[in-house]
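Take a look at the structure set out below.
All ligand and atom numbering here is 1-based and tracks the order in the structure.
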Amino acid sequence: MSDATTSPTPSPAHQPRILSGMQPTSDSLHLGNYIGALVNWVSLQDDFETYYFVADLHALTVPTEPAVLRHRSRVTAAQYVAGGVDPVRSALFLQSHIGQHAELGWVMSCLTGFGEASRMTQFKDKTSKGQTANVGLFTYPMLMAADILMYDAAKVPVGEDQRQHLEITRDLAERFNTRFGPTFVVPEPHILKATAKIMDLSDPTSKMSGSTSPDAGLLLLSDDPKRLTKKLRSAVTDTEREIRYDPERKAGVSNLLVIHSALSGTAVPDLETHFEGKGYGDLKAEVAEVVVEAVAPFQTRMAELLADPAELDRIVASGAERARVVADTTMARVRDRVGLLAPLV
Ligand code: TRP
């Protein structure tokens, strides 16, 4: 490590900032997004200055009908709010409303080695699964680095699958600071715990994923109670009878216990005791009750928000206004540091 990488980063005059986002690439968030991410975002609002955005520019890496993308971006923003993101305490915005993300993304691309970008596993995974390899998918991590560094985010709550993207973000921040002088806060990853990892109901050895799980494996936050109950009733378990947490040998049953525990707040060992002598049918029925009860108020709020698009537009406009103040300051600093002349007006 060179001396310069240890040079101090600016100490900001505000509460530590948290930033995170999700891509609007499906018609609804699922229970894994809710338990694994959203619940966490919501609780972070108490102690941090929080920035939550809809990563619509990132979603362009997947070819999508314009009307569908518009719909999904609105739904995603509404679901953040329905899940408890408070637009008063958090800046909630659409990534594309802050043009500086793309601008800083370009600067980050110019700091990234071609070989370095080629080693990103998400790019390799997605293209090996047949997703068209557009250049946007290749430079995806540099745009993500821009999202994070723009706001001097101290912590970035994301799932394990985003760890490598955070590492390259840290590398880029340090590289920039070394080359141009202390400019960016080097963010800490805040990898969300494995216990909050919700698995696919139809294949409990893979993660519940909006892009890869079949519908039967996904509990969508937009599914009505009947559908949620039906999907849980068909969840894959095992041929034993015992209700015990053992993710290695009993992935399906363990997943159901984790879902119950996350939503009811009852610890898994207490659930094991509670279900002693009972069957898988009882477990599934009770998890369905807990899920339906948790999702019902969420759905009511989501329906209200989607019924009033003007209100939703106002929410993201006020979030963008707050985000833009920070983005303007950061970009002015970056332009100066890298040697771009300031325009007269
Ligand atoms: N890549 C993230 C995902 O797919 C979404 C994302 C884009 C993000 N920019 C970000 C997450 C910045 C955290 C911070 O989940």
Side-chain angles (χ1 to χ4, degrees), residues 16-26 28-30 32-38 40-41 44 48-62 64 69 72-73 76-77 79-80 83 85 90-98 100-106 108-109 117 120-127 129 131 136-173 184-192 196-198 207-213 319 323 326-327 330:
R17 292 197 181 125
I18 294 278
L19 169 131
S20 199
M22 293 187 223
Q23 294 187 68
T25 40
S26 52
S28 171
L29 297 182
H30 55 72
N33 300 131
Y34 179 70
I35 295 173
L38 213 45
N40 209 274
W41 292 10
L44 289 165
F48 297 92
E49 195 175 305
T50 40
Y51 291 75
Y52 297 127
F53 68 99
V54 177
D56 54 353
L57 292 175
H58 277 112
L60 289 179
T61 59
V62 185
T64 310
L69 179 59
R72 289 176 171 175
S73 294
T76 306
Q79 293 193 332
Y80 287 179
V85 170
S90 293
L92 193 175
F93 60 100
L94 301 182
Q95 183 186 28
S96 64
H97 287 186
I98 311 295
Q100 288 91 334
H101 285 239
E103 192 181 353
L104 186 56
W106 174 253
M108 291 298 145
S109 289
M120 292 283 111
T121 52
Q122 191 169 79
F123 176 76
K124 291 194 273 186
D125 283 356
K126 286 190 174 172
T127 50
K129 283 183 189 140
Q131 188 172 332
L137 197 63
F138 189 66
T139 56
Y140 182 116
M142 288 100 249
L143 179 59
M144 179 159 163
D147 300 336
I148 296 167
L149 301 180
M150 185 76 79
Y151 300 95
D152 289 337
K155 283 185 200 291
V156 184
V158 283
E160 181 59 41
D161 60 334
Q162 299 296 313
R163 186 187 287 277
Q164 202 189 21
H165 289 156
L166 288 185
E167 277 162 13
I168 199 172
T169 301
R170 289 169 55 85
D171 289 347
L172 288 169
F184 290 120
V185 170
V186 181
E188 292 297 328
H190 180 83
I191 304 292
L192 303 169
K197 192 161 153 194
I198 307 301
K207 205 177 111 170
M208 186 179 285
S209 155
S211 49
T212 57
S213 300
V326 181
T330 303

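- Ring orientation note: the planes of Tyr151 and His101 are tilted relative to one another, at an angle of 30° to 60°.
- Salt bridge absent: Arg170 and Glu167 never bring a charged side-chain N and a carboxylate O closer than 4.0 Å.
- Salt bridge Glu49/Arg17: present, at least one basic N to carboxylate O contact under 4.0 Å.
- Looking at residues two or more places apart in sequence or on another chain, you find no salt bridge (charged side-chain N to carboxylate O under 4.0 Å, His left out) involving Lys126.
- Using the six-membered ring where Trp is involved, His58 and Tyr140 have ring planes that are tilted, between 30° and 60° apart.
- Protein residues with any heavy atom under 4.0 Å from ligand 1: Leu19, Ser20, Gly21, Gln23, Phe53, Ala55, His58, Tyr140, Met144, Asp147, Ile148, Val156, Val158, Gln162.
- Here the side chain of Asp56 pairs a donor or acceptor atom with the backbone of Ser96 at under 3.5 angstrom.
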